[in-house]
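First up is the structure itself, then whatever we jot down about it.
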Amino acid sequence: QVQLVESGGGLVQAGGPLSLSCVTSGGSASDYAMGWFRQAPGLEREFVAGISWRGGRINYADSVKGRFTISRDNAKNMVYLQMNRLKPEDTAVYYCAAESDMTLTRDPDNYDYWGQGTQVTVSS
């Protein structure tokens, strides 16, 4: 059973940076495409960024393109999300997810494993 644990969330002022990390256990990170999703109160969970198992393919939501960077280190079973120029509308719980089909889909229903989430709050 693969387990994912996110860390790095917190409170940051608008325009500032924040870095999230996700560690996988119970399996090899290289067996999965990895994604970051977020969910704000009252809204559906939405795709933020995804990365293929070798890191050769990367997708971003239009709302974060140019501000966020996803990366991974399979040797450490880690996935990262560097968030820059944060906006109040980026406030949400951020989730790390693993997809065994490796399609790099933006559909959260196609992801097999999820972390517990980490809160990111951006103040204006």
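Residue indices begin at 1 and follow the sequence shown.
Side-chain contact check for Leu20 versus Trp36: some heavy-atom pair is nearer than 4.5 Å. Side-chain contact between Thr69 and Leu81 is absent, with no heavy atoms from C-beta onward closer than 4.5 Å. The shortest side-chain heavy-atom distance between Thr24 and Met34 falls under the 4.5 Å cut-off. The closest side-chain heavy-atom distance from Phe68 to Asn84 is not below 4.5 Å. Proximity of Tyr111 to Ser100: side-chain heavy atoms (C-beta onward) are nowhere separated by under 4.5 Å.
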Please list every donor-acceptor pair under 3.5 Å in which a side-chain atom of residues 117-124 meets a protein atom from a residue at least two apart or in another chain.
unit_1: Thr118; atom_1: OG1; unit_2: Gly9; atom_2: N; d: 3.2
unit_1: Gln119; atom_1: NE2; unit_2: Ala92; atom_2: O; d: 3.4
unit_1: Gln119; atom_1: NE2; unit_2: Thr121; atom_2: OG1; d: 3.3

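We find the CE-CZ distance between Met83 and Arg38 to be 9.0 Å, quoted to the nearest 0.5 Å. Ile58 CD1 to Ile51 CD1: the interatomic distance, rounded to the nearest 0.5 Å, is 4.0 Å.
Counting only distance, with no hydrogens or angles, the side chain of Tyr95 and the backbone of Gln39 share no donor-acceptor pair below 3.5 Å. Between the side chain of Arg45 and the backbone N or O of Asp109, no donor-acceptor pair lies under 3.5 Å.
Summarising the hydrophobic clusters (Ile, Leu, Val, Met, Phe, Trp, Tyr; side-chain heavy atoms under 4.5 Å, direct or chained), the residues clustered with Trp53 are Met102.
Linking ILVMFWY residues whenever their side-chain heavy atoms come closer than 4.5 Å, directly or via other members, places Val12 and Val64 in the same cluster. In the hydrophobic clustering of this structure, Val93 groups with Trp114; members are Ile, Leu, Val, Met, Phe, Trp, Tyr whose side-chain heavy atoms approach within less than 4.5 Å, directly or through other members. Residues Val2 and Val79 share a single hydrophobic cluster, defined by chaining ILVMFWY side chains whose heavy atoms lie under 4.5 Å apart.
For Arg57, the side-chain contact (heavy atoms from CB on, under 4.5 Å) partners two or more places apart in sequence, or in a different chain, are Ser52, Leu104. Looking at residues two or more places apart in sequence or on another chain, you find a side-chain contact (heavy atoms from CB on, under 4.5 Å) between Ser25 and Gln3. Among residues two or more places apart in sequence or in another chain, the salt bridge (Lys or Arg N to Asp or Glu O under 4.0 Å) test is passed with Asp62 by Lys65. Partners of Gln116 by side-chain contact (heavy atoms from CB on, under 4.5 Å), not counting sequence neighbours, listed by chain and number: Val5, Glu6. With sequence neighbours excluded, the residues forming a side-chain contact (heavy atoms from CB on, under 4.5 Å) with Thr103 are Glu99, Asp101, Thr105, listed by chain and number. Remark: Arg67 engages Asp90 in a salt bridge (Lys or Arg N to Asp or Glu O under 4.0 Å) (not counting sequence neighbours). With sequence neighbours left out, Phe47 forms a ring pair (Phe, Tyr, Trp, His ring centres under 6.0 Å) with Phe37. Looking at residues two or more places apart in sequence or on another chain, you find no ring pair (Phe, Tyr, Trp, His ring centres under 6.0 Å) involving Tyr80.
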Can Tyr60 and Val48 be said to form a side chain to side chain contact (heavy atoms under 4.5 Å, CB included), step by step?
-> CA-CA 6 Å; Tyr60 294 102; Val48 175; over 6 Å; no
Walk me through whether Tyr32 and Leu4 qualify under side chain to side chain contact (heavy atoms under 4.5 Å, CB included). CA-CA 12 Å; Tyr32 303 90; Leu4 309 176; over 6 Å; no
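Among residues at least two apart or in separate chains, there is no salt bridge (Lys or Arg N to Asp or Glu O under 4.0 Å) pair with a member in residues 72-85. For residues 16-96, the set of pairs meeting the disulfide bond (SG atoms under 2.5 Å apart) definition, not counting sequence neighbours, comprises Cys22-Cys96.
Nearest heavy atom pair, residue Ser30 against residue Asn74, reads CB-ND2, 3.7 Å.
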